[in-house]
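Lettering of chains follows the sequences in order, A, B, ..., and the numbering in each one begins at 1.
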Number of protein chains: 2
Amino acid sequence: MIVRVTPANANNVFRALADPTRRAIFEELTRQGEQTVHALTRYAGVSQPAVSKHLTVLKLAKLVRHRREGRETHYRARPDALAPMVYWLRHYGAFWRDRFDRLEALLERMES
Amino acid sequence: MIVRVTPANANNVFRALADPTRRAIFEELTRQGEQTVHALTRYAGVSQPAVSKHLTVLKLAKLVRHRREGRETHYRARPDALAPMVYWLRHYGAFWRDRFDRLEALLERMES
DNA sequence: AACAATCATAGCCAAATGGTTATGAGTTGT
DNA sequence: ACAACTCATAACCATTTGGCTATGATTGTT
């Protein structure tokens with residue numbers, strides 16, 4: 001019998017980031033900051049409805065927020081929503097050994 | 001147009017860990033160490049062929065290794081295969097800001 | 001008012017996914 | 001030798017997934 005120890009929405013986060021297009025959208029949002037669906041569609045190379053669906057999945061994982069402004073919707077990344085994944089990694093990933101360098105960078109604080 | 005910046009097999013890692021059963025298997029392997037398919041099947045709560053298929057996916061992501069011994073196959077976790085995910089997180093996740101505490105634990109070295 | 005732009009939703013479809021049972025190959029025990 | 005065990009693969013199935021086009025609601029522009 002499986003007992004889940006991962007946080008509740010960890011599953012949503014893992015699932016959301018499993019798709020490369022969705023990862024690319026999230027990456028673009030963190031790199032370039034807030035973007036409209038239109039801009040993201042141009043970037044992603046898939047149809048606008050496809051982008052909208054991806055954004056819905058990301059939103060379900062709380063990885064993005066949206067803000068309506070007139071006829072366009074602006075989306076932005078919420079990197080702190082990655083917490084469950086980081087928590088999981090810390091726990092099950094490199095708990096005993098790791099070879100990843102300069103993870104200290106993760107500890108750098110920057111104002112939101 | 002999407003330009004991939006993530007390491008080649010990052011996709012495999014993300015995809016492998018997207019499934020909760022697969023995550024649970026990986027967790028069990030890191031917690032309890034090497035396990036046979038039989039033991040993992042008892043643990044996972046799904047059929048033995050299902051476990052074998054999951055292990056194949058994990059193996060494709062290099063998250064597990066296997067070692068034949070007689071009629072049983074022993075699987076073990078390879079936490080360092082999580083590197084692409086950690087790399088990705090460092091890059092796109094908490095590059096600017098983060099609220100995750102005590103990630104220094106990730107830096108603790110333990111002999112393999 | 002009419003038109004254009006932006007986006008979400010609905011409806012559709014092919015492919016992938018995660019599960020099952022059946023089976024066979026190899027290994028161990030009697 | 002034979003029975004039992006371990007595991008991978010095959011074959012199948014239902015559901016999910018990721019894409020598309022069509023459409024409609026809303027907002028901006030002329």
Looking only at side-chain atoms of [X], point me to the closest of [options].
{"X": "A/Pro49", "options": "C/dT9, D/dA11, D/dG19", "result": "C/dT9"}
{"X": "A/Thr36", "options": "C/dC7, C/dG19, D/dT17", "result": "C/dC7"}
{"X": "B/Gln48", "options": "D/dC20, D/dC7, C/dT6", "result": "D/dC7"}

With nearest nucleotides of DNA chain C determined for B/Val46 and A/Tyr75 from heavy-atom distances, which residue corresponds to the more 5′ nucleotide? A/Tyr75

Heavy-atom check, side chain of B/His66 versus side chain of B/Leu55, under 4.5 Å: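 No, their side chains stay 4.5 Å or more apart.
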
So, do A/Trp88 and B/Arg23 sit near enough that their side-chain heavy atoms are less than 4.5 Å apart? yes

Crowding at NZ, B/Lys62 (>12 non-hydrogen neighbours, <6.0 Å): no

Using atom [atom1] of [X] as one end and atom [atom2] of [N] as the other, report the distance to the nearest whole Å.
{"X": "A/Asp19", "N": "C/dT17", "atom1": "CG", "atom2": "P", "answer": "11 Å"}
{"X": "B/Leu40", "N": "D/dT6", "atom1": "CG", "atom2": "C1'", "answer": "13 Å"}
{"X": "A/Tyr43", "N": "C/dT6", "atom1": "OH", "atom2": "P", "answer": "20 Å"}
{"X": "A/Lys59", "N": "C/dC7", "atom1": "NZ", "atom2": "P", "answer": "12 Å"}
{"X": "A/His74", "N": "C/dA5", "atom1": "NE2", "atom2": "C1'", "answer": "13 Å"}
{"X": "A/Arg68", "N": "C/dT6", "atom1": "CZ", "atom2": "P", "answer": "13 Å"}
{"X": "A/Glu69", "N": "D/dT27", "atom1": "CD", "atom2": "C1'", "answer": "12 Å"}
{"X": "A/Gln35", "N": "C/dC7", "atom1": "CD", "atom2": "P", "answer": "11 Å"}

Go through the N and O atoms of the side chain of A/Glu72 and the base of C/dA5, and report whether any donor-acceptor pair is under 3.5 Å.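 A donor-acceptor contact between them is absent.
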
Is there a donor and acceptor pair, one atom on the side chain of B/Arg71 and one on the base of D/dC5, closer than 3.5 Å?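 Donor-acceptor pair under 3.5 Å: yes.
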
Side-chain N or O of [X] less than 4.0 angstrom from OP1 or OP2 on [N]?
{"X": "A/Arg22", "N": "D/dG18", "answer": "yes"}
{"X": "B/Ser47", "N": "C/dT20", "answer": "yes"}
{"X": "A/Thr21", "N": "D/dG19", "answer": "yes"}

Please classify the nucleic acid contact of [X] as base, sugar-phosphate, or nothing, using heavy-atom distances under 4.0 Å.
{"X": "B/Thr73", "value": "sugar-phosphate"}
{"X": "B/Thr41", "value": "nothing"}
{"X": "A/Ala50", "value": "sugar-phosphate"}

Atom pair CG (B/Asn12) and NZ (B/Lys59), whose distance is rounded to the nearest 0.5 Å: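 Result: 13.5 Å between the selected atoms.
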
Output the distance between atom OH (B/Tyr75) and atom CD (B/Glu28), rounded to the nearest 0.5 Å. 15.5 Å

DNA chain D: B/His66 or A/Gly70, which has the more 5' nearest nucleotide?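 Its nucleotide being nearer the 5' end, the pick is B/His66.
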
Going by the side-chain contact (heavy atoms from CB on, under 4.5 Å) test, name the single residue among A/Thr56, A/Ile25, A/Leu29 that passes it with A/Val64. A/Leu29

